[in-house]
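Please see the structure below; I have some questions.
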Amino acid sequence: MATTAKHNREATQEELSLVRSYLLLTFIHKVFERDCRAIGKSGLFKMPQLYMEMVSIGAKKTAVMLQEVKRELDSQNVVITTVRQNQHGVEAGYKCRGVAGEMQIEWPSFRREMTLRMRAYLGLAGEFSIQAREERSGHMAVSF
């Protein structure tokens, strides 16, 4: 199973989905910000401002969505207490109406969903996907 959650029986699928979205959006936002800085500093692009603008738009969309998820978590009395990453994936500790729970998302699933979401935030969702080729050639490095 790609995602596991140890939680009280009262945590709903919607609440778990919010925790998952929080994790993904947090990581995606950091990737967009890091990539935007890297493009600007690399000296490899003829028109870096154009690419930085595109990635910055993705970062802004992600920031707005992350704020919405945070508001929804707050309204449902769900608090993210810890976020960790290890060789297996990303883990989040949370409290749902005061009861502690934990969610683990394994790297293959996390990377796949990050890529799909990032493509959508950049407006590439309907475009030709190079994802299959990337998956065959190696893993996307995700480190924060």
### Summary
Taken to the nearest 0.5 Å, the spacing of K30 NZ from L25 CG works out to 12.5 Å
### Heavy-atom side-chain proximity of H88 to E106 below 4.5 angstrom
no
### Query
If you round to the nearest 0.5 Å, how far is CE of M114 from OG of S109?
12.0 Å
In a table with atom names and distances, give each donor-acceptor pair under 3.5 Å that connects a side chain of residues 47-62 to protein atoms at least two apart or in another chain.
| from | atom 1 | to | atom 2 | distance (Å) |
| --- | --- | --- | --- | --- |
| K61 | NZ | Y121 | O | 3.2 |
| T62 | OG1 | G58 | O | 2.7 |

## Note on the structure
Taking every heavy atom of M103 against every heavy atom of Y94, the minimum-distance pair comes out as N-CE2, 4.0 Å
### Task
Side-chain contact test, heavy atoms from C-beta onward, threshold under 4.5 Å: evaluate it for E68 versus V64 and give yes or no.
yes
## Note on the structure
Residue pairs meeting ring-ring contact (aromatic ring centres under 6.0 Å, His included), one or both in residues 65-84, sequence neighbours left out, come to none
### Query
Got a donor-acceptor contact below 3.5 angstrom from the W107 side chain to the V90 backbone?
no
### Message
Please report the interatomic distance CG(L44) to NZ(K46), rounded to the nearest 0.5 Å.
### Response
11.0 Å
### Point-to-point distance, once rounded to the nearest 0.5 Å, from CD of Q13 to CG of L16
5.5 Å
### Message
Please tell me whether R37 and S42 have a donor and an acceptor in their side chains that are separated by less than 3.5 angstrom.
### Response
no
### Task
Calculate, to the nearest 0.5 Å, the distance between atoms OG and CD belonging to S21 and E113 respectively.
7.0 Å
### Query
What are the two closest non-hydrogen atoms of H29 and A63, and how far apart are they?
CE1-CB, 3.7 Å
### Message
Going by ring-ring contact (aromatic ring centres under 6.0 Å, His included), name the pairs with one or both residues in residues 59-83, residues two or more places apart or in two chains.
### Response
none
### Task
Would you check if the distance from the ring center of F27 to the ring center of F110 is below 6.0 Å?
yes
### Query
Rounded to the nearest 0.5 Å, what separation is found between the CG atom of L66 and the CD1 atom of I28?
10.0 Å
Only distances under 3.5 Å count here; give the side-chain donor-acceptor pairs of residues 71-83 to other protein atoms, sequence neighbours excluded, each with its distance to 0.1 Å.
| from | atom 1 | to | atom 2 | distance (Å) |
| --- | --- | --- | --- | --- |
| E72 | OE2 | Q76 | NE2 | 2.9 |
| S75 | OG | E72 | O | 2.9 |
| Q76 | NE2 | E14 | OE2 | 2.9 |
| T81 | OG1 | G93 | O | 3.0 |
| T82 | OG1 | R84 | NH1 | 3.0 |
| T82 | OG1 | G93 | N | 3.2 |

### Query
With distance as the sole test, does D35 use its side chain to make a donor-acceptor pair with the main-chain N or O of A38 at under 3.5 Å?
no
### Task
Using modelled atom types only, decide if a donor and an acceptor are shared between the side chain of T26 and the backbone of Y22 within a distance under 3.5 Å.
yes
